[in-house]
4 protein chains.
Amino acid sequence: MEAATRFIVTHGLSAPTAGIAKEAGVANGSLFTYFETKTDLFNQLYLELKTEMGSAAVKNLRPAAELREQCFQVWRNWTKWAVCNSEKRRVLAQLGVSDELTPETRAAAPKTMAAIADMLERIRANGPLSKAPMGFVVALMNSTAEATIDLMSQDSTNAKKHCKLGFDALWRMLS
Amino acid sequence: MEAATRFIVTHGLSAPTAGIAKEAGVANGSLFTYFETKTDLFNQLYLELKTEMGSAAVKNLRPAAELREQCFQVWRNWTKWAVCNSEKRRVLAQLGVSDELTPETRAAAPKTMAAIADMLERIRANGPLSKAPMGFVVALMNSTAEATIDLMSQDSTNAKKHCKLGFDALWRMLS
Amino acid sequence: MEAATRFIVTHGLSAPTAGIAKEAGVANGSLFTYFETKTDLFNQLYLELKTEMGSAAVKNLRPAAELREQCFQVWRNWTKWAVCNSEKRRVLAQLGVSDELTPETRAAAPKTMAAIADMLERIRANGPLSKAPMGFVVALMNSTAEATIDLMSQDSTNAKKHCKLGFDALWRMLS
Amino acid sequence: MEAATRFIVTHGLSAPTAGIAKEAGVANGSLFTYFETKTDLFNQLYLELKTEMGSAAVKNLRPAAELREQCFQVWRNWTKWAVCNSEKRRVLAQLGVSDELTPETRAAAPKTMAAIADMLERIRANGPLSKAPMGFVVALMNSTAEATIDLMSQDSTNAKKHCKLGFDALWRMLS
DNA sequence: CATGAATGAGCGTTCATTCAT
DNA sequence: GATGAATGAACGCTCATTCAT
């Protein structure tokens, strides 16, 4: 899967399975010992990366802390992971918009970020978006994060500042 | 190009050129009279759709009006166009993340929304994002719009309300 | 199709489509311009050969002649065609037992030999097989012909004699 | 080999060796401890089935009995075995026409039915086929048997009657 | 310029066979 | 001897692109 991530970053989702196998140092046929089809590989990879990202985001989370502080912690974790794992993030983005993901995968994806959704739910409840659907709020957070991560990656010297900048923007929206 | 849009929506970016040609009612070979390669078609299509969207967004814009009102007008135009032209929007999204777009195309894309960028520039100047790079602000507006449009499409009965909801969220971020 | 026949004779039904295409002097992809799939090619080829054989068998048939004479004429035509077109016959045999033929093809096959079946029907009516199902009588004739053709091919010097020998055996069975 | 028979019936001769091994309850690699190649397995299987059929056909044969009666006994044995072992018969048929059988196997095959050939030889000697090659007579008997077995299998209620019907047809040819 | 048959490189996948354990 | 993961050649089929008409 690491090999797949590496190879997809440079060759896109149309990367030949043979190339992925080679990158992994195995014969092309061997790939199909582990994944029934290329699509299957993509789906598993997507969930693995998504889960990793979700786990990274909730590290060191103190449930007792203030909501704003909790959220900022998640934000810091999340953006840091994305900046440090830009390949994984890029592949995640590509897979997310591809039409290779099965409905099952799409359905399983939100569960990897359930803890964050819970937190967001509590934030939303008392703010201006109290009547907006959760999906919308999640989408807003997601896309604000994406923009922030892009900015942090482009100008990594000021990464910390940008991180805060993005979070403040998010918080203005939510509360 | 209309045919391409229609066909790509249902078949994805891997749609055979022969299929696009058939949808357009011409011979498969004829397609290559107008576009050197499939990639070329994609690039031209992307710019055309982007331009159309940009033009739609600035319709009826009154430069004399208040900034907030101007921005809301753009927002209404934009989201309405996207809801009414969901096929075009979908294709635009697919092309945007594809690795078929040339650097030239990516460079030319912002110019289609120059008027909006100008407006955004003025809004930003006096707000909390005054020190953030323009690209970041544009990305925020873009992604907020995307989320809003999704919401409006899913629940079109309350489209107007959702449009306002999204705009308010955006405005909170920007000012 | 001629090329397919030639190539299948030497390589069996597992002959690569690329080989068939090359034998035909076209690119491997071109084969699929004419036949949707390899299976499709096999089905069409089967019916073509079967039809050709059926047509050959009923050449110069005089409906006014005695039944025995008519039958002998068919027999002579049939065995001669088979001996002269041993490649086609061999491919026909291979296709006949393969599991590539669709039910449609199997259903269409008897129609190519309808005239012979009619004749056989009249012969059977007054003989010892009057109560046997037509399918059985057809199978008997078929297999007797096969054995005869093999004999004629192996020892072509006495082909004519063998042809008569086979026919007499058939006639003894039928009448 | 039983497993191979079972598996080939449902999957054809292109059945994966892995499938055959699984059906036999052994690891896929183990299959190659007993058979050097897949072709080798096919050849051995063919001879085994052929031998079994030949043995079944000559059961309870009384050399003292009249030729016709002896032949009928063989005929009854043979058709009964084939009807009761339709899987084996089907596989035998598939193997017989496949191009996997080596010349050695083809050469060894007749020996499995030597006793029947002997009997047939004596029948032929005094009949209308006295001058026909033995191979031809064997082929006739074979194919008549095949047709009869098919009929018996399709309409097993009247199996006995069909058996007699087929034998009478054969006998008319031979004597 | 329009056509559409022809091209052939390239892909995902299969499977007989090997071999380290 | 038994295992089953690993192998890699081979296959059927697709499709962007070409070009003679």
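Residue numbering restarts at 1 for every chain, and letters A, B, ... go by the order of the sequence lines.
No contact: D/F35 has no heavy atom under 4.0 Å from any strand.
The nucleotide whose nearest atom lies closest to any side-chain atom of C/T37 is, among F/dC13, E/dT17, F/dT7, F/dC13.
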Exercise. Give the C-alpha distance, both sets of side-chain angles, the deciding distance and a yes or no for side chain to side chain contact (heavy atoms under 4.5 Å, CB included) between C/F35 and C/M1.
Key: CA-CA 10 Å; C/F35 306 98; C/M1 291 205 145; 3.6 Å; yes

Quiz prompt | B/M113/B/V138 under side chain to side chain contact (heavy atoms under 4.5 Å, CB included): CA gap, chis, key distance, verdict | solution = CA-CA 10 Å; B/M113 313 208 47; B/V138 167; over 6 Å; no

Exercise. Run the numbers on B/D40 and B/Q44 for side chain to side chain contact (heavy atoms under 4.5 Å, CB included), then give the verdict.
Key: CA-CA 6 Å; B/D40 189 40; B/Q44 287 190 227; 3.4 Å; yes

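Where A/A27 and D/G25 each meet DNA chain F at their nearest nucleotide, the meeting point lying more 5' is that of D/G25.
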Quiz prompt | DNA chain F base-pair string [pairs: Watson-Crick or G-U under 3.5 Å; |: paired with another strand] | solution = .||||||||||||||||||||

Tell me which donor-acceptor pairs under 3.5 Å the side chains of residues 7-28 of chain A have, and how far apart each pair is, sequence neighbours excluded?
residue: A/T10; atom: OG1; partner: A/F7; partner atom: O; Å: 3.1
residue: A/H11; atom: ND1; partner: A/F7; partner atom: O; Å: 3.2
residue: A/E23; atom: OE2; partner: A/R6; partner atom: NH1; Å: 2.6

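Separating the CG atom of D/L41 from the P atom of E/dA16 is a distance of 10 Å, rounded to the nearest angstrom. Rounded to an integer number of Å, the gap from A/F42 CZ to E/dC11 P is 13 Å. For the pair D/N28 CG and E/dT17 C1', the computed distance is 10 Å after rounding to whole Å. When the C1' atom of F/dG4 is taken as reference, atom CZ of D/F32 falls 13 Å away, rounded to whole Å. Straight-line distance from the NZ atom of B/K38 to the C1' atom of F/dT14: 11 Å, rounded to whole Å. Across the protein-nucleic acid pair, C/K22 atom NZ and F/dA10 atom P stand 14 Å apart, rounded to whole Å. As rounded to whole Å, 9 Å separates atom P of E/dT13 from atom CG of A/L31.
The CG atom of A/L95 lies 13.5 Å from the CZ atom of A/R90; values are rounded to the nearest 0.5 Å. One finds the NZ atom of A/K111 at 14.0 Å from the NZ atom of A/K50 (value rounded to the nearest 0.5 Å). Atom OG1 of A/T5 is separated from atom CG of A/L49 by 5.0 Å, given to the nearest 0.5 angstrom. Rounding to the nearest 0.5 Å places CD1 of D/I149 at 5.0 Å from CZ of D/R89. Here the straight-line distance linking atom CG of C/N43 with atom OG1 of C/T105 works out to 3.0 Å at 0.5 Å rounding. For the atom pair CZ of A/F42 and CG of A/D99, the computed distance is 10.5 Å after rounding to the nearest 0.5 Å.
Here the options are C/V91, C/N85, C/L92, the test is side chain to side chain contact (heavy atoms under 4.5 Å, CB included), and the partner is C/K88; only C/N85 passes.
Under 3.5 Å, the side chains of C/S30 and C/T33 contain no donor-acceptor pair of N or O atoms.
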Would you tabulate the pairs of protein nitrogen or oxygen atoms and nucleotide nitrogen or oxygen atoms of nucleotides 19-21 of chain F closer than 3.5 angstrom?
none

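Across residues 4-21 of chain C, not one residue has a non-hydrogen atom less than 4.0 Å from an atom of DNA chain E. Within residues 91-105 of chain C, no residue is approached by DNA chain E to less than 4.0 Å at the level of any non-hydrogen atom.
Shown here are the side chain to side chain donor-acceptor pair (under 3.5 Å) partners of D/E100, two or more places apart in sequence or in another chain: D/T39.
A donor-acceptor pair is defined here as one N or O able to donate and one able to accept, closer than 3.5 Å; such a pair exists between the side chain of C/R106 and the backbone of C/G96.
Taking 4.0 angstrom as the limit, D/Y34 places none of its side-chain polar atoms (N or O) nearer than this to OP1 or OP2 of F/dG1.
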